[in-house]
There are 2 protein chains.
Amino acid sequence: MAERRTRADALNNRARIVRAARELLTPGAELPMNAVAKAAGVGQGTLYRNFPTREALLAEVYRADVDQLVSSAAPLLERHDAATALRRWLSDVADYARVKRGVLAALEPASGHELAASATGTIGEAIDRLLDAGKAEGTVRADVDSQDVLTLLGFLSRMDEAEAAERAEHLLELIVSGVLARS
Amino acid sequence: MAERRTRADALNNRARIVRAARELLTPGAELPMNAVAKAAGVGQGTLYRNFPTREALLAEVYRADVDQLVSSAAPLLERHDAATALRRWLSDVADYARVKRGVLAALEPASGHELAASATGTIGEAIDRLLDAGKAEGTVRADVDSQDVLTLLGFLSRMDEAEAAERAEHLLELIVSGVLARS
DNA sequence: ACCTGAACACCGTTCAAGT
DNA sequence: ACCTGAACACCGTTCAAGT
């Protein structure tokens, strides 16, 4: 079981791919795979071995941001009732998604394929903690799971920029309202 | 203002394009524009003059179906309270969207571009009638409009087949729950 | 007036050949 | 063991040339 040493150039390439992707992701944010490889100065094959799908690449680019969102859930739960904490946390996530388009879409586990490893796990767990607290309070519907919420957030983050600016906040309010229990 | 006569071959081509598109749209339902032109036996230019966007083409393909959905709203409102009518109608639409993927996505007016003419108009009006009846009853949130509902339905209809089969119904229930007023 | 289809400018992805 | 980049098989869209 000796830890296989990864070659230094391989590590280096991976880092450069992630950095290049981050730099290419800005406003309207298309992200052609070929463009990433070129900007990173690697062959397309290298890109694909490191990141078999665009989602895998995006998940890595946004890992730090996502970790921060995940860890912001616990403090909210300490200071507020669960319904409020949930509402605020989702609002934060939506704000974040508005500037960094495609984050949630990358995290949302696309039907067939394996739940994209740790990132999806932890963000799913954060949502579950919020939902569970709300269910214990009786303020969140018992039949809602983190999967539902992630899917709905994924929808919002796929809206194009203009539409999101106008409507995302209001739609999130409707979604939250649907997740909360009738009183 | 004399009505300009359209050439018979042009009318014919348009009809063949629509028919070809309908036949190509089946299960997993990709719809390459080139494939439509080829199947219709016309040049790509002809396709593009008749239907500048894929959405325009889809809207035409599904016009009859959409008309039927639109006209099914009124009878529901006669027989049920508005909340029930809304719920049933949305459920019908979702069922329909599950077999004919992409219908709603075609109708949802994409941010910038002009509301795709009559179809969007009438389906929007059908939703508004349901919502207005609900608002009069006090069972629908006052701040919801048909635009919101169409956007949310559009999301659902863009899920891939496997995910839709598993989750669409439940997600629709959450959405309806969000649209209804707190009691 | 309307049509055709070659042509252009892109994609994502693979894989033989190199080091 | 890892890399490169040419090559393949697609897209959507345009526009010169035809009828």
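All chains are named by letter (A, B, ...) in the order of the sequence lines, taking the proteins before the strands, and each is independently numbered beginning at 1.
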Mate of D:dT19 where both pairing distances stay under 3.5 Å, Watson-Crick or G-U: C:dA1
Nucleic acid footprint by protein, nucleotides 8-18 of chain D - heavy-atom cut-off 4.0 Å, B for base, S for sugar-phosphate alone: ---SBBBB---
Residues, nucleotides or ligands: over 12 heavy atoms within 6.0 Å of B:Lys38 NZ: no
A:Arg7 CZ to D:dC3 P, straight-line distance once rounded to whole Å: 6 Å
Nearest-neighbour nucleotide for the B:Asp9 side chain, D:dC2, C:dT4, C:dC3 considered: C:dC3
Under 4.0 angstrom between B:Asn13 side-chain N/O and C:dC2 OP1 or OP2: no
Test item: B:Arg54 side-chain N/O and B:Leu31 main-chain N/O as donor-acceptor pair under 3.5 Å: yes
More than 12 heavy atoms of other groups within 6.0 Å of A:Arg16 CZ: yes
Pairing nucleotide - C:dG12, Watson-Crick or G-U, each distance under 3.5 Å: D:dC8
Atom-to-atom span, CG of B:Leu11 to P of C:dC2 - whole angstrom: 9 Å
Given A:His170, A:Glu166, A:Arg167, the one that forms side chain to side chain contact (heavy atoms under 4.5 Å, CB included) with B:Gln147: A:Arg167
Carboxylate-amine/guanidinium contact A:Arg22 A:Asp65, below 4.0 Å: no
Phosphate OP1/OP2 of D:dC2 contacted by A:Arg49 side-chain N/O (<4.0 Å): no
Exceeds 12 heavy-atom contacts within 6.0 angstrom, atom CD of A:Glu137: yes
